[in-house]
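Notes follow the structure.
Chain letters run A, B, ... following the sequence lines, proteins first and then strands; every chain starts at 1.
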Amino acid sequence: MSIIGNHISISKNRIFKNETLIFETDPKLSLKEFLKASWKNLNVKYPKFYKMDEISKLGMVAAEVLLMDEPHKAFSEEEIGVVLSNAHSTIVTDINHWDTVKNDDAFFPSPAVFVYTLPNIMIGEICIKHRLKGENAFLISREYDEAMILQHINLLMNQNKIKAAIGGWVDQWENDYLAEIFWVSST
Amino acid sequence: MKQVYFTGDNIISSLGFSSEKNFKRLLQGKTGIGKINDITLYPEPFIASMVDRNKIHTLLPDNSYSLLEKMLILSVEDALKNSSVDICSEKTIFILSTTKGNIDLLDKPTGTYNADKIYLWKLADTIVNHFGNRNKPRVISNACISGVLAINTAAMLLQNGIFDYAVVAGGDLISKFVLSGFMSFHSLSPNPCKPFDAHRDGLSLGEAAGTVILSVNQPEQKNNFIFAGGASANDANHISGPSRTGEGSYIAIKKALKEASINASEIEHISAHGTATPYNDDMESIALNRHHLSSVPVNSLKGFWGHTLGAAGIIETIALLHEMKKSTLIPTAGFSVPGTVEPLNIVAKPEEKEMNTCLKIASGFGGCNASLIIKKTAQ
C-alpha cells in the first residue's frame with residue numbers, strides 16, 4: 001500500500017544513505033562541529049541553519065540528504081507529511097534553557113533557546129526549508145518504533161490526507177545522538 | 001471506516017475538577033486566571049490559571065506520583081466513570097498529549113525522583129501501569145496542537161479498526177521552566193488575556209489536565225457526538241510566528257471538511273485557539289475568512305483557563321462537546337471590543353443555539369495547525 005524509499009542514518013559522525021557511507025568526520029568531533037561540517041559539505045545556502053539547536057540541525061541534515069534526489073517534487077506541498085519520533089524530546093536544549101533560569105541571581109532566559117524546547121520545532125524547520133505543508137506529528141516512545149511511525153503514515157495515506165511523508169527517529173541525549181529517517185510514498 | 005463516538009470526558013482546571021463543574025463556571029463567564037505569588041515558580045508575582053494543587057494531593061496522596069501524574073490519573077478516573085469503556089481491555093489504546101510533561105522535576109534535587117520521569121514516554125507508562133492497560137501508549141508532543149492531534153490520532157486508529165476504544169488524556173503544568181520561557185518571549189499579558197479583542201496584549205498561561213474517551217460502539221442515548229473529520233498542516237513559514245495568510249490553519253480546516261464530507265457553510269460554531277496574542281488571533285481571523293466563516297459564532301476559552309498547552313486541545317474540545325449537548329454557546333472571557341484584521345462573530349455572552357456540526361482549531365510553535373469536526377447524530 002505504500003512504498004519505502006531512501007533511508008538516511010546518522011550516528012557516530014557518519015552519514016549513510018541506504019547502506020552507502022556518504023560523509024564522515026573524525027568521531028571525536030562534537031555533534032555541533034560534525035553538523036556544521038555536514039551542512040558545509042552539503043553545500044546548501046541556508047544561513048538560518050546556524051541559529052538552530054543541535055537536534056533540529058540533526059533533523060535538517062538528515063532531511064537534506066533524504067530529499068537530495070527530490071522525491072518530494074512529484075507531490076504538492078499539502079500532500080507531504082512529516083512524522084518524527086524520539087525518546088528524549090529536546091532534553092539537551094531543555095537543560096540549556098534550564099541553566100539560564102534555575103538560579104534567580106543568574107536569570108537570563110533566551111527566547112532563541114526556549115523556542116527549541118519543543119520537539120516539533122524540528123519538523124517546522126524541515127517544513128520551512130522544503131516547503132512541506134501536509135500532516136505533522138511528533139511522537140515520543142522509549143525505543144525507535146519504526147512500525148508505529150509507518151502505521152501512523154499509512155493510516156494518514158489511507159484516509160487521503162497525505163500521499164508521501166518523511167518518517168523516522170531523530171534523538172539526542174546527554175552525550176550521543178541518532179537519526180534514522182526514511183521517505184514513504186503511496187506511488 | 002468505522003464511526004467514532006465521544007463517550008466520556010473530564011476537565012481538571014482552575015475552574016473545577018469535572019467537565020460539568022467547568023462548564024457551569026464557563027457559562028457564568030468567570031475566569032480562572034488570577035495573580036499568583038509563588039517565588040518557587042517565578043521571582044515576581046505573575047498572572048496565570050492554576051489548579052488547586054492541595055486538593056490534587058488530598059485526592060491522591062501517593063507521593064510516588066508527581067503532581068502532573070496525579071492530575072492525569074484523577075482526570076482519566078473521572079472520565080471513565082461516565083463511559084462504559086474498559087481501560088484494561090486489549091482493545092483500548094491510551095494516548096497522551098503533553099508539551100513538557102514532568103519538566104518541573106528539573107527543579108527538584110536529583111536522586112529524589114526516578115530520573116526517567118522527566119521523559120514523556122515514562123509519564124505515559126506511569127499512567128497506563130496505574131490503570132493496568134498493557135498496550136504501548138502513544139505520546140503526542142507537538143506544541144500547542146498536541147491535544148487536537150492526539151484526538152485526531154486516536155480517531156484514526158479507531159476508524160481503521162486498529163483499536164476499538166481510546167483514552168486520550170492531556171496535561172501540562174505551570175512551571176518555572178515554561179513561565180520563564182514565555183516571559184523571555186514577552187508574549188505574556190500583564191492582565192488576564194483578551195482573546196480577539198482590539199486591546200489584546202498577549203497570552204495567559206494555565207495548567208490543566210483533561211481526558212476524552214472515544215469508542216466505536218454507539219452509546220445508548222438520544223443524541224450522540226461523533227468525530228467527523230480532522231487534519232493537521234504546517235505553515236512552512238516561521239517557527240515562532242503564525243503565517244500572515246493563515247495558510248496552515250486554512251489547509252487543516254479544508255482537509256477536515258473534506259474528511260467530514262461537508263461544506264464550510266455547514267459549520268455552526270467554531271472553538272478557536274484564540275491565544276490573545278496580536279498575531280495568532282489575526283491569523284485565525286484570516287484563515288476563517290478564507291473559508292467564508294466570518295458570520296459563524298466563534299469563541300476562545302483562553303480567557304478562562306489561560307493557555308494550557310498540551311491540555312488545551314483536549315479541554316477545549318470537551319467544552320465544545322458540552323456546548324453542543326446543552327445547545328448553549330460559551331462567551332469569550334476577556335473579549336469586549338472587536339479587533340482582528342478580518343471580521344469574526346465573537347461570542348460575547350452565553351447564547352442558546354442548537355448545533356449539529358462544529359469545528360475546533362488550534363495552532364502552535366513550529367508552524368503547526370490542527371482541526372477537528374464534531375457532528376451530532378440522532379439515534
Side-chain angles (χ1 to χ4, degrees), chain A residues 48 52 56 77-78 81-82 85 87-91 94-95 97-98 100-102 104 107-143 145 148 151-152 154-156 158-162, chain B residues 1 39 43 96 99-101 103 106-107 118-122 124-125 136-143 145-146 149 153 156-157 159-160 162 176-187 231-240 247-248 251 254-255 258-259 364-370:
Chain A
K48 264 197 247 177
M52 296 175 198
S56 293
E77 295 173 340
E78 296 174 26
V82 184
S85 176
H88 298 89
S89 186
T90 52
I91 191 64
D94 290 358
I95 300 292
H97 169 66
W98 182 244
T100 67
V101 303
K102 64 183 176 193
D104 291 348
F107 189 85
F108 50 94
S110 153
V113 175
F114 180 68
V115 72
Y116 285 99
T117 63
L118 294 163
N120 66 295
I121 298 297
M122 176 202 317
I123 293 180
E125 294 287 15
I126 292 168
C127 286
I128 294 168
K129 171 71 174 60
H130 300 283
R131 309 243 6 114
L132 312 178
K133 296 183 181 172
E135 292 275 341
N136 285 182
F138 205 102
L139 300 152
I140 306 281
S141 60
R142 185 176 192 162
E143 280 114 22
D145 189 345
M148 180 185 72
Q151 181 191 56
H152 192 102
N154 282 331
L155 293 177
L156 288 170
N158 271 354
Q159 293 183 275
N160 295 315
K161 287 183 188 160
I162 51 171
Chain B
M1 243 13 119
I39 52 159
L96 173 68
T99 64
K100 298 313 299 174
I103 199 74
L106 283 179
D107 213 3
I118 216 82
Y119 301 117
L120 306 180
W121 56 263
K122 181 68 180 176
D125 277 359
K136 184 184 161 183
R138 313 268 162 134
V139 181
I140 305 277
S141 188
N142 213 97
I145 70 163
S146 301
L149 204 50
T153 301
M156 183 169 83
L157 292 167
Q159 286 169 327
N160 288 278
I162 313 290
K176 192 173 188 179
F177 185 101
V178 170
L179 268 172
S180 61
F182 277 94
M183 292 274 189
S184 74
F185 251 103
H186 299 292
S187 53
S232 69
N234 199 287
D235 292 329
N237 174 62
H238 197 280
I239 54 162
S240 59
E247 184 72 356
I251 297 168
K254 183 177 77 178
K255 287 188 172 179
K258 191 181 158 205
E259 187 185 358
F365 276 167
C368 55
N369 303 268

Side chain, backbone, both or neither: which part of [X] has a non-hydrogen atom closer than 4.5 Å to chain B?
X        : result
A:Glu77  : neither
A:Ser110 : backbone
A:Phe108 : neither
A:Leu132 : backbone

Worksheet item: How about B:Glu247 and B:Asn237: do any of their side-chain heavy atoms sit closer than 4.5 Å?
Response: no
If you count heavy-atom pairs within less than 4.5 Å of chain A, which of [options] leads?
options                                : result
B:Pro137, B:Ala370, B:Ala143, B:Ser187 : B:Ala143
B:Gly367, B:Gly181, B:Gly248, B:Gly366 : B:Gly181
B:Met183, B:Lys122, B:Glu259           : B:Glu259

Highest number of heavy-atom pairs under 4.5 Å with chain B: which of [options]?
options                                : answer
A:Leu118, A:Val82, A:Ile140, A:Ile95   : A:Ile140
A:Ile126, A:Val113, A:Leu156, A:Asn160 : A:Leu156
A:Arg142, A:Lys48, A:His130, A:Lys102  : A:Arg142
A:Arg131, A:Gln159, A:His88            : A:Gln159

Discussion item. Tell me whether B:Asn142 contacts the main-chain N or O of A:Phe138 through its side chain, where contact means a donor paired with an acceptor under 3.5 Å.
Written reply: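 Yes: the side chain of B:Asn142 pairs with the backbone of A:Phe138.
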Fill in: Side-chain (A:Asn120) to main-chain (A:Ile123) donor-acceptor, under 3.5 angstrom
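Side chain of A:Asn120 to backbone of A:Ile123: no pair is present.
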Less than 4.0 Å between a side-chain N and a carboxylate O, is that true for [Y] and [X]?
X        : Y        : answer
B:Asp125 : B:Lys136 : no
B:Lys255 : A:Glu135 : no
B:Lys176 : A:Asp104 : yes

Contact part of [X] toward chain A, heavy-atom cut-off under 4.5 Å: side chain, backbone, both or neither?
X        : result
B:Ile162 : side chain
B:His238 : backbone
B:Ile118 : side chain
B:Ile239 : both

Fill in: Nearest-0.5 Å distance that lies between atom CG in B:Asn160 and atom CD in A:Gln151
8.5 Å
Item to complete: Kindly determine whether A:Leu139 and B:Ile140 satisfy side-chain contact (heavy atoms from CB on, under 4.5 Å), including the steps that lead there.
Response: CA-CA 5 Å; A:Leu139 300 152; B:Ile140 305 277; 3.3 Å; yes
Worksheet item: Are side-chain N/O atoms of B:Asp235 and B:Asn369 paired as donor and acceptor at under 3.5 Å?
Response: yes
Fill in: side chain to side chain contact (heavy atoms under 4.5 Å, CB included) involving A:Thr117 - partner list, sequence neighbours excluded
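Counting only residues at least two positions away or on another chain, A:Thr117 forms a side chain to side chain contact (heavy atoms under 4.5 Å, CB included) with A:Thr90, A:Thr93, A:Asp94, A:His97, A:Phe114, B:Lys100, B:Phe177.
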